[in-house]
Amino acid sequence: MNKTILLALVLVIFSSCGSVKKYNEHITAKHDIEDLQSDVDKLYKQLKKHHPKLYQYTPKNELDFKFDSLKKSINQPMTSKAFYRKLVPVVAHVRHGHVDVGSVSKQFTKKERKALIKKKFEFYDLDFEYLEDKLWVKNSFGKDSTLIGNEVVSIDNEPASKLVETYKTRFASDGYNTTLHDRFVGKAFTAFYVRDKGFIDSLQVTFKAKDSVFTKLFKRIPKKEPKDTLAIDSISVKKEKPKKLTKAEKKENKIARKKTKKDNKKYGYISKRKQYTRNFDFIGKDSSVAYMKIRGFSNGNYKKFYKESFTKLDSAKTDYFVLDLRDNGGGRIAEIEKLYSYLTDEDYQFITKSEVNSRIPFMKFLMSNSMPVGLKVFAGLLSPIIITENLLKTKKKDGKLYYKFKESKIREPDNLNYKGNMYVLINGNSFSASSLLSTHLKATKRAKFVGEETGGAYNGTVAGVYKVYKLPTTKLKVRMGLMQVEASQKQEPDGYGIKPDVQILPTVTDRNAGIDTELEWILSDIYDRD
């Protein structure tokens, strides 16, 4: 029996190694013209079948022409990555930000993954920002903080400006606004670079600091320094025994750990950045202004956070409240609806019923051809429940199908709802759920908006749940939203974001001086009133 199990394990390992090798050979091989053109046809067919607002921003004849021209331009065999570079700008013409084309990258065996997980790539420690038509280092989570504020001139001898302009063609905002492009290309620059170049072991980056230009080599390095590199002579230095803790100290440490764990969940801890998704504090002169920074609506126990924060606001009788949604890419509908319940004193319908192309959108998501077989089997077992739930919530009206989320019911405001003066900070990276929340606050004239036009559209977005379709030949994965999620309020013309009442843009000078340009304007406006 033991020999049989051992033989089975060996076969699984070799099968895994073989499949990895086969996959890597496939994506690096040049595919036939007919197969590449077939991938184009199949993708467009999937978009037409599943995307409920495919022609909202780009007319059918124009989109037909784009895909047809792409097919005609494929006149020689090419690799999956080369095909990705041709396909993604065409898909971006759909002008829906949640439609996303993923590239392909080398796969690794279990042994290789085990070795790689012990290392980190220094380049990934950098956060970038695109300001004043240049790429800058916004933050560094590694040891070299001196790079912050430096301009990126080139990467492996490719001008940063050329890379930025190329990557801007590889994603879309919702509609016609352009603010998302300048903001998101900086925020996601590392991801775009990896998609473009694939797995990288080292990179030579040229920076500019004031008038000096210098080059730095980024490598994959061990996450922890080996013990033998430590500058301590373990023979000559007597090792100190760890201090034995008393029962009281142990209990105190245990309570502190439990509190940290609860706080991490409540505030949504982001381990790489060592910061929280949600922050609340009092700022300004005499801490008289409430400030809430929300980096996303996707992780942590948001209900406890909002109840705690608005209880503090209610107790302090604060006159001014600033909600910072800059660089907030969105997240859960349930969370933004809960937050809105604290910001209004009237009954409201947060979203309308969502237009869909299928009566069973959740099954379409679960049965995507990119899903693991095990998940499909599990979904199949639960399909009677999932399908029944979908059918009960999906109705046809005027020839269209609509799915009813619980957030489309009429709701009452929370008892702790804030009634004071309010400001909202927005920028091009305010997208999806954060734009939907902003739509309500803008339409009801609840707040003064400061910053720049959001990347997400005022009139809603196609998201909710997604289908991820894997192209048969090139193995590229394309994500598409299946539900139109929108508020009842609308603006004309369609295809633009929530625009600020006061446009304030950050500057490189202020960034380097540690000045928050937009927030400082708000504080000045508040104290000028007083």
Does a salt bridge link Lys448 with Asp525, judged by any charged N lying under 4.0 Å from a carboxylate O? yes
Could you tell me whether Asp201 and Arg220 make a salt bridge, using a distance below 4.0 angstrom between a side-chain N and a carboxylate O? yes
Is a salt bridge present between Glu122 and Lys219, judged by a nitrogen-to-oxygen distance below 4.0 Å? no
Determine whether the side chains of Arg273 and Asn139 contain a donor N or O and an acceptor N or O closer than 3.5 Å. no
Does NZ or CZ of Lys285 come closer than 6.0 Å to the centre of the six-membered ring of Tyr527, within 45° of the ring's axis? yes
Go through it in stages, so that I can follow the logic: the residues are Phe321 and Tyr423, the test is ring-ring contact (aromatic ring centres under 6.0 Å, His included), and I'd like the CA-CA distance, side-chain angles, deciding distance and then a yes or no. CA-CA 6 Å; Phe321 173 55; Tyr423 292 82; over 10 Å; no
Within a 6.0 Å radius of atom NZ on Lys419, are there more than 12 heavy atoms belonging to other residues, nucleotides or ligands? yes
Pair Arg278 + Glu335: basic N to acidic O under 4.0 Å: yes
Could Asp100 and Arg195 be called an ion pair, given the rule that one side-chain N must be under 4.0 Å from one carboxylate O? yes
If you count every heavy atom of other residues, nucleotides or ligands that lies below 6.0 Å from Lys216 atom NZ, does the total exceed 12? yes
Exactly one of Arg183, Lys138, Lys187 clears salt bridge (Lys or Arg N to Asp or Glu O under 4.0 Å) with Asp327, and that residue is Lys138
Any Lys/Arg nitrogen of Glu337 or Lys406 sitting under 4.0 Å from an Asp/Glu carboxylate oxygen of the other? no
So among Asn417, Asp414, Asn415, Leu339, which one has a side chain to side chain contact (heavy atoms under 4.5 Å, CB included) with Phe310? Leu339
Should the pair Lys303 and Tyr306 be classed as cation-pi, given the thresholds of under 6.0 Å to the six-membered ring centre and 45° from the axis? no
For Lys208, I'd like to know if atom NZ has over 12 heavy atoms of other residues, nucleotides or ligands within 6.0 Å. no
Got a salt bridge between Lys304 and Glu308, using NZ or NE/NH1/NH2 to carboxylate O under 4.0 Å? no
For Tyr340, does the OH atom sit with more than 12 other heavy atoms under 6.0 Å from it, leaving out its own atoms? yes
So is Arg479 actually on top of Tyr466's ring, under 6.0 Å and inside 45° of the axis? yes
In terms of side-chain heavy atoms, does Asn279 have a donor or acceptor partner in Tyr267 at a distance below 3.5 Å? no
Please check if any side-chain donor atom of Thr461 sits under 3.5 Å from a side-chain acceptor atom of Ser432, or the reverse. no
